[in-house]
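Heads up: numbering here begins at 1 and tracks the sequence. Heavy-atom basis, side chains included; hydrogens, waters and symmetry copies ignored.
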Amino acid sequence: MAPQRRSAPRAAADSGAAERRRPSRNKKERAPRETPRETWLRIVGLGAGLVLAAFLLWSSLGTEDGVTEALAHRGEVLAGRFIEVPCSEDYDGHRRFEGCTPRKCGRGVTDIVITREEAQRIRSIAEKGLSLGGSDGGASILDLHSGALSVGKHFVNLYRYFGDKIQNIFSEEDFQLYRDVRQKVQLTIAKAFGISVSSLYLTKPTFFSRMNSSEARTAHDEYWHAHVDKVTYGSFDYTSLLYLSDYLEDFGGGRFVFMEEGANKTVEPRAGRVSFFTSGSENLHRVEKVHWGTRYAITIAFTCNPDHSIEDPAFT
């Protein structure tokens, strides 16, 4: 047998390895090094992507309470939306008034009862009154019926405190507009729940609220806790809110939240929007903390008990 020659195959293998290595060198030569500017742009792009992902996640969660469903979006203009819910037993512990005390319970929203122009004029009343004081914390109150006004960490009676100066702040037209708006809201509630408008009486407290992101200074500033109006204020049978500013335009946060198992129901404020509901535990609710800007609204409450009624404020 002739002796085998092994050198040639090794040469061929070495040649093949060399051929395989050449593309690697050429590829490396074709990939230019990233410039500092390109590195910076890549980092910024990655950061923007993370911010967008976080925003989408936050939007999907809705509120601090987790999963939510919107009963009314800010961008909608609702002729009327009403959801009936079973009544709680809260009304049984109070004197009943047939034809008025809730037997049909629920919550509703409408954008066609109060115009945005009326809402702006009503808001100007709140701004004028609150310019006389204001809370040190995130929630300020103005009650034209009792005269209660937030000042620092306390309340004063603006009619006594400012006396005749009040006539330089408000006008008869302001108080007439206030009465007209109250009557429109009262009629809306009566129609929605199938009761006589004459059986409903304005009750206290009915007040303007101004909320912002300032840190709470007293318990009165902690407006975000869940509560039941009928439990907090025994006279309440029907609660309404007229919003005077726009969610995500004038303020962030501050949505109204009906607390329910499974998914909370939110109302996004819109100037001129009226939200109304029966005041018992069937409508446990809260307001989200305001994160930026200023949220204006007026709470208008009604009772079936004439002994708990209050008069409209009068300009004297």
Taking V185 as the starting point, is it possible to reach L177 by hopping between hydrophobic residues whose side chains are less than 4.5 Å apart? yes
Does the cation-pi check pass for R107 over F276, that is, NZ or CZ under 6.0 Å from the six-membered ring centre and within 45° of its axis? no
Using a 4.5 Å cut-off on heavy atoms from C-beta on, say whether the side chain of R286 contacts that of H225. no
Look only at the side chain of K104 and the backbone of P102, and say whether a donor-acceptor pair between them is shorter than 3.5 Å. no
Residue pair F302 / L202, side-chain heavy-atom distance below 4.5 Å: yes
Heavy-atom closest contact (V267 atom, F258 atom, distance): CG2-CE1, 4.1 Å
Which atom of Y296 lies closest to which atom of T294, heavy atoms considered: CE1-CG2, 3.5 Å
Assign the ring pair F175 / F315 to parallel, tilted or perpendicular, where the plane angle (0 to 90°) is split at 30° and 60°. tilted
Please tell me whether S235 and T303 have a donor and an acceptor in their side chains that are separated by less than 3.5 angstrom. no
Apply the test salt bridge (Lys or Arg N to Asp or Glu O under 4.0 Å) to residues E127 and R210: give CA-CA distance (whole Å), side-chain angles for both, the deciding distance (0.1 Å), then the verdict. CA-CA 9 Å; E127 291 173 331; R210 182 183 69 191; over 6 Å; no
What heavy-atom pair brings I125 and L144 nearest, and what distance separates the two atoms? CG2-CD1, 4.0 Å
Would you mind checking if E173 and R121 are paired as a salt bridge, meaning a charged N to carboxylate O distance below 4.0 Å? no
Treating K230 as the side-chain partner and F236 as the backbone partner, does any N or O pair qualify as donor plus acceptor under 3.5 Å? yes
If I compare all heavy atoms of R116 with all of R270, which pair ends up nearest, and what's the gap? NH1-CG, 3.5 Å
Test D221 against every option in S214, S150, S140, S135 by the side chain to side chain donor-acceptor pair (under 3.5 Å) rule and name the one that passes. S135
Write down the atom of P306, the atom of S309, and the distance for their closest heavy-atom approach. O-OG, 2.8 Å
Within the distance-only criterion (no hydrogens, no angle test), does the side chain of D143 pair as donor or acceptor with the backbone N or O of S146 below 3.5 angstrom? yes
Side chains of T239 and S279, donor plus acceptor under 3.5 Å: yes
Going by heavy atoms in the side chains, are F208 and I122 under 4.5 Å from each other? yes
Whether over 12 other heavy atoms sit under 6.0 Å from H227 NE2: yes
Shortest non-hydrogen contact from Y243 to S275? CE1-CB, 3.9 Å
Is any side-chain heavy atom of R103 less than 4.5 Å from a side-chain heavy atom of E98? yes
Test item: E268 side-chain N/O and H73 main-chain N/O as donor-acceptor pair under 3.5 Å: no
Show your reasoning for whether side-chain hydrogen bond (donor to acceptor under 3.5 Å, both in side chains) applies to Q120 and R123. CA-CA 5 Å; Q120 180 57 48; R123 173 172 165 170; 5.0 Å; no
Taking the ring centre of each residue, are F155 and H220 less than 6.0 Å apart? yes
Are the aromatic ring centres of Y238 and Y201 under 6.0 angstrom apart? no
Within 45° of the ring axis of Y159 and under 6.0 Å from its six-membered ring centre, is that where the NZ or CZ of K165 lies? no
Pair D90-S88, side-chain hydrogen bond (donor to acceptor under 3.5 Å, both in side chains): steps then yes or no: CA-CA 5 Å; D90 294 339; S88 66; 3.2 Å; yes
Do E69 and T266 have side chains that get closer than 4.5 Å, going by heavy atoms? no
Should we say atom CG of D164 is surrounded by more than 12 heavy atoms from elsewhere, each under 6.0 Å from it? no
Examine the side chains of H145 and Y178 and answer whether a donor and an acceptor come within less than 3.5 Å of each other. yes
H285 ring center within less than 6.0 Å of F277 ring center: yes
Only one of D229, N283, D237, T101 clears side chain to side chain donor-acceptor pair (under 3.5 Å) with T278; which? N283
Should V274 and I114 count as side-chain neighbours, where that means a heavy-atom distance under 4.5 Å? yes
Of R179, Q183, R182, the residue whose pairing with D312 passes side chain to side chain donor-acceptor pair (under 3.5 Å): R182
salt_bridge(R273, D111) N-O dist < 4.0 Å: yes
